[in-house]
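Down below is the structure, laid out as structure tokens.
All heavy atoms count here, side chains included; hydrogens, waters and symmetry mates do not. Reminder, nothing fancy here: chain letters follow the sequence lines and each chain counts from 1.
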Protein chains: 2
Amino acid sequence: MEKSPEPFSTRVRRGALLERNCPSREVLKHISSQWGVLILIVLEGGTHRFSELRRKVDGVSERMLAQTLQWLEGDGLVERIAYPVVPPHVEYSLTPIGREAAGHIRALADWIEVRLPDICDAQAARAAAE
Amino acid sequence: MEKSPEPFSTRVRRGALLERNCPSREVLKHISSQWGVLILIVLEGGTHRFSELRRKVDGVSERMLAQTLQWLEGDGLVERIAYPVVPPHVEYSLTPIGREAAGHIRALADWIEVRLPDICDAQAARAAAE
DNA sequence: GTATGTACTTACGAATAGTAAGCAAGGCCA
DNA sequence: TGGCCTTGCTTACTATTCGTAAGTACATAC
């Protein structure tokens, strides 16, 4: 076994998430980002306008909502449709790939909500032990 | 409908991830953080020492590795065992809850690696369209 | 004609992450 | 006896990212 004779493009295509410069790192960063997760979860429930997302994703700023949507759109997970009217009307929805991603994210989110009591107990126990 | 008549503790226990002050937000932040994801994936492969993690999780700094491990330990996902020897010897492993979390994370990571070509294509198509 | 709503963008201060150096304490080599 | 090596952190400083607040364009409502 020699050290990787395979070209960069192959390594990249395989998607070695643990490697520093793998592009999958970027995609993961977008999907698993604080707001990316919540946006995907909300969009799994159907198409939403910008301001609807802003209201549902409690605490997100317009700045980060816009930026995160642009990331996800750039990765092909979210589709943006803008109607040329005034005031502006823009609709965001998941692409088929986005729906797959959202499914995984929601599974994790559901698990966290179910396990939250256990996790809080662990935190409390740790705090008490000190 | 008035503003939430239910007590804070109820809201909290239900684990409403979309709500601003839900503690599940913090847990999600730890698990889905840039390095949290990768650490969980590596630890799913078995117990590791600090320096082993540092080598496998390409690009992580000692600072962030230590901090993320402390988060995950605080949430009860990671167990830390320190042997009182010199030079120090510390082993990190997943707790049962941590193994559940890691399973979800790895499912997402595997999906990303499989779908990466599609995502790259989407990015390229978008770039070409401009 | 003032206020409101939409979907952003921009400027700026605050929080967070990355870089690099330091530290403890025992073993090894000379 | 004195350096230097090791590991698992912590600390100081810097760079990057993020949140807050304000601005924009135009139409409709009051």
What does the list of N/O pairs under 3.5 Å between the protein and nucleotides 9-16 of chain C look like, with a distance for each?
unit_1, atom_1, unit_2, atom_2, d
C:dT9, OP2, A:Gln70, NE2, 3.2

Distance test, side-chain N/O of A:Trp35 to OP1/OP2 of D:dC18, below 4.0 Å: no
Any B:Arg49 side-chain nitrogen or oxygen under 4.0 Å from OP1 or OP2 of D:dG8: yes
Side-chain (A:Thr95) to main-chain (A:Gly76) donor-acceptor, under 3.5 angstrom: yes
Side-chain (A:Glu44) to main-chain (A:Arg99) donor-acceptor, under 3.5 angstrom: no
B:Tyr92 OH to D:dT7 C1', straight-line distance once rounded to whole Å: 11 Å
B:Glu100/A:Arg115 ion pair, N-O < 4.0 Å: yes
Main-chain N/O of B:Leu65 paired with B:Thr68 side-chain donor or acceptor, under 3.5 Å: no
Whether A:Ser32 side chain and B:Ser32 backbone form a donor-acceptor pair below 3.5 Å: yes
Backbone of B:Val60 reached by a side-chain donor or acceptor of B:Arg54 within 3.5 Å: yes
Distance in angstrom units between B:Arg25 CZ and D:dC18 P, rounded: 15 Å
Nearest-angstrom distance from the residue atom CG of A:Leu53 to P of C:dA7: 9 Å
Between D:dG19 (C1') and A:Gln34 (CD): distance, integer Å: 10 Å
Phosphate OP1/OP2 of D:dT7: any B:Ser51 side-chain N/O under 4.0 Å: no
Test item: A:Pro23 and A:Val27 side chains (from C-beta on) under 4.5 Å apart, heavy atoms: no
Interface residues of residues 76-89 of chain B with DNA chain D (non-hydrogen, below 4.0 angstrom): B:Arg80, B:Pro87, B:Pro88, B:His89
Separation of atom CG in B:Leu65 from atom C1' in D:dT10, rounded to whole Å: 13 Å
Salt bridge present between B:Glu52 and B:Arg49 (N-O < 4.0 angstrom): no
For atom CZ of A:Arg20 and atom P of C:dA17, their distance in whole Å: 17 Å
pair B:Asp58-A:Leu18: side-chain heavy atoms closer than 4.5 Å: no
Gap between atoms NE2 and P, on B:His48 and D:dT7 respectively (whole Å): 16 Å
